[in-house]
2 protein chains.
Amino acid sequence: MTQRKKQPQITRAALLDAAGEHFARAGYAGTSLGSVVTRAALTKGALFHHFPDKRSLAQAWIDERLASAVTALWLAPLEQADSLDALRNLCRLRFSELAPGDATSTLSALAAELTPADDLLSACLAQIHDAWRAAIAGLLERGKAAGQIHRSIKPAAEAAFFVALIAGVTVTAKAAAHADTRRACLSSLEDYLETLRSQSA
Amino acid sequence: MTQRKKQPQITRAALLDAAGEHFARAGYAGTSLGSVVTRAALTKGALFHHFPDKRSLAQAWIDERLASAVTALWLAPLEQADSLDALRNLCRLRFSELAPGDATSTLSALAAELTPADDLLSACLAQIHDAWRAAIAGLLERGKAAGQIHRSIKPAAEAAFFVALIAGVTVTAKAAAHADTRRACLSSLEDYLETLRSQSA
DNA sequence: GCGCGCATACCTTGCGGTCGGTATTCTCCC
DNA sequence: GGGAGAATACCGACCGCAAGGTATGCGCGC
């Protein structure tokens, strides 16, 4: 246990946590730094000691928290998988957890809010989307190699389709009242995944 | 031509137009009323004469402009249609026009930004999504009646799936650099639509 | 002249961001 | 090893400004 001096990491972490909660709830523009430091039980001085400005705070949170959360939710579980069943089961699991404020929904919400090309935040978000697509495409590639997935399908295109659909569900069926809409999407998604299966499987 | 006295409608319309441009570009929280009146070459006085507050301005724009734009883009062209080909062709057309700031993208962006249940704006957006889903479901119902669409498909579920996908594309492939991602989604979408077709067709 | 439609000026609040100060810890030298 | 000094980690008051919103005035058609 190399106990450091005063662990500035925990202050920084508290700020990132508080910022994340507000970003998830109110978006980037809707989040005020005052509310962040209040939530973290800290002060502006601490915030601007660790981050030069609001944008840097958001970037740090996206890179260090949101990205790893998406990885844990969607990339890591499929790292070695090559079956459509694994993908379907993961979708069922994730859909059952979908709620406003979770990592999947927040990724979509921030990507929708931030205007492209004008700043680097959207680039960070696009990077997460790219990694997500790559993970799905990888699974489909392996599934093709294993003969479970039809030869004619194009993994990159299907992965883009898949990721867009998940993002769209979080946007169009956001409210709690749309739980049946989410279920409908999941049902159709499962049917769609079956169409990727090789006939010989 | 019943020319009214001074046509307050055109001032109101100018304000709605200006507000819409900013909502599309910066979202709700990112839009300032000052920039709206500047864009419309008017003043705060005019704005608050026609709308009691910012939220009402946004609601009016959503109800009067965004809703009708979505209707013109996605509902009206399919009003009588019953074929998958009509839907596919419309998708091709709309995908070719997709760009940040258009009605489809703005609907998704606002729906993603606005937190559900806390205000009536998200209810207005949900209403648009509902109408959109209903239009797609109607087409699928008619297609089933016409025997072109497979009997086992559930129109409501497929419609939710479809609308979520379009929204997701506008979010995950927003930047101009992702034109190929949009094309990939369109390609997979067309393949997916084909799976709805009745074998006997 | 009276009310509608809008402009001007202004108010309050809260925003992102700055700055000097202070306590604590690390570093270096003897 | 221990003390001086630099660097770190954080506080809290403060600033300029732009935000949403208001109060009042003015022109013009009826």
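The interatomic distance linking H22(B) (NE2) with dA19(D) (C1') rounds to 14 Å, in whole Å. F48(A) places its CZ atom 16 Å from the P atom of dG12(D), with the value rounded to the nearest Å. Rounding to whole angstrom units, CZ of residue F51(B) and P of dG5(C) are separated by 13 Å. When rounded to the nearest whole Å, the span between CG of L42(B) and P of dG21(D) equals 18 Å. The nearest whole Å value for the distance from the CG atom in L47(A) to the C1' atom in dC15(C) is 13 Å. Rounded to an integer number of Å, the gap from L15(B) CG to dA7(C) C1' is 13 Å.
Where R12(B) and A29(A) each meet DNA chain C at their nearest nucleotide, the meeting point lying more 5' is that of R12(B). Along DNA chain C, the nucleotide nearest to A41(B) and the one nearest to P52(A) differ in position, and the one closer to the 5' end is contacted by A41(B). A residue-by-residue look at G45(A) and D53(B) shows that G45(A) has its nearest nucleotide of DNA chain D further toward the 5' end.
Under 4.0 Å is where a charged nitrogen must lie from a carboxylate oxygen, and between R183(B) and D180(B) no such pair does. Using a 4.0 Å cut-off between charged nitrogen and carboxylate oxygen, R133(A) and E158(A) do not count as a salt-bridge pair.
Distances from the side chain of L33(B) to the nucleotides dA7(C), dG16(C), dG21(D) place dG21(D) closest. The side chain of H49(B) sits closest to dG5(C) out of dA7(C), dC15(C), dG5(C). Here the side chain of T43(B) is nearest to one of dG16(C), dC6(C), dG12(D), namely dC6(C).
In this structure, S32(B) reaches the sugar-phosphate backbone alone: every heavy-atom distance under 4.0 Å involves primed, P, OP1 or OP2 atoms, never a base. Residue contacts shown for T31(B) are limited to sugar-phosphate atoms, with no base heavy atom under 4.0 Å away.
Neither OP1 nor OP2 of dT8(D) sits under 4.0 Å from any side-chain N or O of H50(A). Put simply, T11(A) has a side-chain N or O that comes within less than 4.0 Å of OP1 or OP2 on dC10(D).
Separation of the F161(A) and Y192(A) ring centroids falls under the 6.0 Å cut-off.
Looking only at atom types and distance, the side chain of Q127(B) has no donor-acceptor partner in the side chain of D63(B) under 3.5 Å away.
Figure legend: K54(A) and F48(A) shown without cation-pi pairing, the cationic atom not lying both under 6.0 angstrom from the six-membered ring centre and within 45 degrees of its axis.
The base of dG21(D) lies close enough to the side chain of K44(B) for a donor and an acceptor atom to sit less than 3.5 Å apart.
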